[in-house]
Structures are given as C-alpha cells and as structure tokens.
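Every heavy atom of this structure was used, including side-chain atoms; hydrogens, water molecules and symmetry mates were not. Just so it is clear, the model here is predicted, and its values are computed rather than measured.
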Amino acid sequence: MTLKLSRADTLRPEAEDRIDRVYAKKINDLIGPLGRLHQRKAERAILGRDLAGPLIVDEADRLAIIAAATKQDAAVAALDVERRRMKAAVRAANTAAEIKAVLAKLEIMQ
C-alpha cells in the first residue's frame, strides 16, 4: 500500500524550514555580533554587585547591562512568538495555497 502525500504535506516541511531560517536571521541580527559577550556580561551582572567580576565596571554599569539584556530578551521573545505562530499556521493549513499564503506574509515581513 502506497501512501500518497498531498501537495500541502510535501510543502509543509520546506515552509517550516523557511520560517525558521528567516526568524533565525532576524534573531541573530537583533542579538548582534557580540551577543555571546553581552550574554556573559548579563549573566555576571545578575549575580550581583559583589560577584559580577571584572566585566562589570560599577553598579551603574551592572544595572544598565541588566536593563539592556531584559529589553533584548523581550524583543527576542516577541520574534519567537511570531515564528511559532507562523509555524502553527503552516501545520494547520489544509492546502498548499494556505501554506503559500503564510509564506507570502513571511516575505512581506522581511
């Protein structure tokens, strides 16, 4: 017995991959080339004034680092919510046309 996939079933994995690639780029652009450094500084800053180490200049710097990390986390979370919403729409689509409509929205958002 051969199971025949619909056009939507064959298009779905490609569409989900496309969504992930687009959002990975958006998230990486948001984080920037020094993202790992900023992450490390934020981790140290959260430990507290006495445990922050040499990456943190003073209390004002520590608080600024935490504020920037919080703002960036919120922006990354918003992008991830969009990404998950689009992937859910692709998974729920019954036709190739519905999947293509989701991908068209993705193209507009870029």
Checklist outcome for this item: Taking every heavy atom of Leu30 against every heavy atom of Gln72, the minimum-distance pair comes out as O-NE2, 3.5 Å
Item to check | Co-membership, hydrophobic cluster, residues Ile31 and Leu79, 4.5 Å side-chain | outcome: yes
Item to check | Nearest-0.5 Å distance, CE of residue Met86 to NZ of residue Lys105 | outcome: 7.0 Å
Checklist entry - Is a donor on one side and an acceptor on the other found under 3.5 Å between the side chain of Gln39 and the backbone of Gly35? => result no
Checklist entry - More than 12 heavy atoms of other residues, nucleotides or ligands under 6.0 Å from CD of Glu14: is that the case? => result no
Checklist entry - Quick one: does Leu11's side chain get under 4.5 Å of Lys100's, heavy atoms only? => result yes
Item to check | Flag for Thr70-Asp73: side-chain donor and acceptor within less than 3.5 Å | outcome: no
Side-chain polar contacts of residues 20-27 - donor-acceptor pairs under 3.5 angstrom, sequence neighbours left out - could you list them?
{"unit_1": "Asp20", "atom_1": "OD1", "unit_2": "Arg83", "atom_2": "NH1", "d": "3.0"}
{"unit_1": "Asp20", "atom_1": "OD1", "unit_2": "Lys87", "atom_2": "NZ", "d": "3.2"}
{"unit_1": "Asp20", "atom_1": "OD2", "unit_2": "Lys87", "atom_2": "NZ", "d": "2.9"}
{"unit_1": "Tyr23", "atom_1": "OH", "unit_2": "Glu82", "atom_2": "OE1", "d": "2.9"}
{"unit_1": "Lys25", "atom_1": "NZ", "unit_2": "Asp29", "atom_2": "OD2", "d": "2.7"}

Next on the checklist: Membership question, hydrophobic clusters at under 4.5 Å side-chain separation (ILVMFWY): are Val76 and Ile19 in the same one?
Outcome noted: yes
Item to check | Nearest heavy atoms of Thr10 and Pro13, plus distance in Å | outcome: O-CD, 3.6 Å
Checklist outcome for this item: For Val102 and Ala89 the tightest heavy-atom approach is CG2-CB, 3.8 Å
Item to check | Pairwise distance CG(Leu37) to CG(Leu55) - rounded to 0.5 angstrom | outcome: 6.5 Å
Next on the checklist: Distance check, rounded to the nearest 0.5 Å: Arg12 atom CZ versus Ile99 atom CD1?
Outcome noted: 4.5 Å
Checklist outcome for this item: Of all heavy-atom pairs linking Arg7 and Ala96, the shortest is CG-CB, 3.5 Å
Next on the checklist: Whether the side chain of Arg18 engages the backbone of Leu103 through a donor-acceptor N/O pair (distance < 3.5 Å, no angle test) should be reported.
Outcome noted: no
Item to check | Arg62 (side chain) donor-acceptor with Arg44 (main chain) under 3.5 angstrom | outcome: no
